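Sequence lines set the chain letters: A, B, ... in the order given, protein chains first and strands last, and positions in each chain run from 1. Predicted model only: the values in this text are computed from it and were never measured.
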Amino acid sequence: MKGSRRESRPAGRAFVPLLLPVLVLLVWQVIVSLGVYPEFIIPSPAAVLAKFVDVLRDGRLLANTWVTLSQTLAGLIIGVALSVLLGYAIAKNRLLDDLFSPLIIALQSTPVVAYAPLLVIWFGSGPTSKVVTSALIVFFPMLMNTVVGLRSVPKSLRDLMLSLRATPWQMFIHLEVPAALPVLLGGLKVSATLAVIGSVVGEFVSARAGLGWLINDARYNYDTPLVLVAVLMLAVIARVLYAAVGLVERRMLAWRR
Amino acid sequence: MTSVSLAAQQLTITYTLPGGRSLPALGPITFAIPAGQFVCLVGPSGCGKSTLVRVLAGLQPPTGGAALVADQTVTEPPPEVGVMFQDANLMPWRTVEDNIALPLELAGVSREERRYAVHALLPKLGLADFAHAYPGDLSGGMAQRVALGRVLVQRPGALLLDEPFGALDALTREQIGLDLLEFWRQEQQTILMVTHDIHEAVLLSDRILVMSRRPGRLAADVAVTLDRPRAIADTYHETFGQIAASVRDAIERA
């Protein structure tokens, strides 16, 4: 029964998502060919591709990608774990809600870029400050989603579980987790892409490696093709993380279809 | 499980409003239902029928008096009691089979025993082909059958049913009511069922408790003297009409 409702796309439609990128490439090439802007402002697609092959060969691309990716993943995992734990406590306890909510709202509305320099001062210019920045940027939206998800558990299902003499642990694992899961996974999707931003912001402030650092470094040298390669690589990371959460979502929420 | 008695003794529920005023919502009400009896509870809306069920189910403490299950004062959800609500209240992420098995799973029954118990029940509920369907794929009547299965699988000594078929169309609710009678004939659980449908109450029960307007008290206690087993044909019987009329009369005077 599963999947039977999801119609397979007609063969022609598979190309639709490719149309826009191809169009962008064409326009880009046309602009370059007209020679309106010098090469160091808008390099040709061919130059970017050549640079890509270059940095792939000398290992700089993958080394820096790995630095950013590992910081992002560490920040994502730490941020999600902490926010879900605190979110659970807040959703369950009015007192904690009153205690934390004002601070959380204040911190959430402060742009990360503003306090990222502080984090670098406190945690150094190594990977730690980037992990912390990533974790922080993930923390607030994930916290909100956890609270909203847990509060959305229907009271009638709680009554049902109580009438079945469910223990608090059974209430958690058989009701609260599955009921909150759609909202939690929605938050995780957003968080995955935010974590990349956190990492890069940290690298912009001060770093010795990573794609954000690579962008900064290339910019000083007017190496615009390298900036573009690094930006595209960041897009790929964000897209892959987003897709990975999407995959988990489809597996775990099969009942929603 | 052997069937157990249900009772209320001088039971009251009073809510305290903001500002300190108190609002009597239910009672004092006293009644006793012997083990194995099928009783329907009717009364004007807002008279506290659902609240009474919640108190007997151990989901809400009474303000005064006591609810008793098997002669024991209810202080927490009693293990002998199965509760069914107006809404099917299924977990959308569980299949039909897993929804019905939930009480057994919570009680620590093994996977094989759960499967066995559920699959013995599914055909009787008319759900044999739907074991692996999700609630989102079911009609309202089928969802209520799953909810009925979930309460029956516990083999409870008493059933508390709060307008369980209230949201269903007339034909579906009559059929599912008769199916309930068949389960009851086999297991002889004590049943207390809230309904707003006099016709349904007379067709199914041994006895009908009529509650007054808020705060609900016992306004009438009507014995249903029709023979068992019951069938739709009984509804055309003269006695059926007389009992229904006396219940309606009691509600209007309540």
Quick one: are B:F130 and B:R145 in side-chain contact, heavy atoms under 4.5 Å?
-> no
Go through the atoms of A:L175 and report whether side chain, backbone, both or neither lie under 4.5 Å from a heavy atom of chain B.
-> both
Smallest separation among heavy atoms of B:G177 and B:F165, with atom names | CA-CE1, 4.1 Å
Is there a donor-acceptor pair closer than 3.5 Å between any side-chain N or O of A:E203 and the backbone N or O of A:K130?
-> no
Pairwise side-chain contact, B:N99 with B:V96, heavy-atom cut-off 4.5 Å (strictly under) = no
What heavy-atom pair brings B:C47 and B:L26 nearest, and what distance separates the two atoms?
-> O-CD1, 3.9 Å
Assess the side chains of B:Q188 and B:S3: does a donor N or O sit below 3.5 Å from an acceptor N or O?
-> no
The interface call for B:L160 against chain A, heavy-atom contacts under 4.5 Å, is neither
If we only count heavy atoms from C-beta on, is the B:V146 to B:P135 side-chain gap below 4.5 Å?
-> no
Give a yes or no on whether a salt bridge exists between A:K155 and A:D159, defined as a side-chain N under 4.0 angstrom from a carboxylate O.
-> yes
For chain A, which residues of residues 101-117 of chain B have at least one non-hydrogen atom nearer than 4.5 Å to it?
-> B:L102, B:P103, B:E105, B:L106
Hey, does A:I90 have a side-chain heavy atom less than 4.5 Å from the side chain of A:L150?
-> no
Between atom CG of B:L59 and atom OG1 of B:T51, what is the distance when rounded to the nearest 0.5 Å?
-> 11.5 Å
Any idea which of A:T167, A:L157, A:L181 has the most non-hydrogen atom pairs under 4.5 angstrom with chain B?
-> A:L157
Minimal heavy-atom distance between A:S129 and A:L119, with the atoms involved, is CB-O, 3.7 Å
Under 4.5 Å, heavy atom to heavy atom: which of residues 69-77 of chain B reach chain A? Give them by number, or say none.
-> B:E76, B:P77
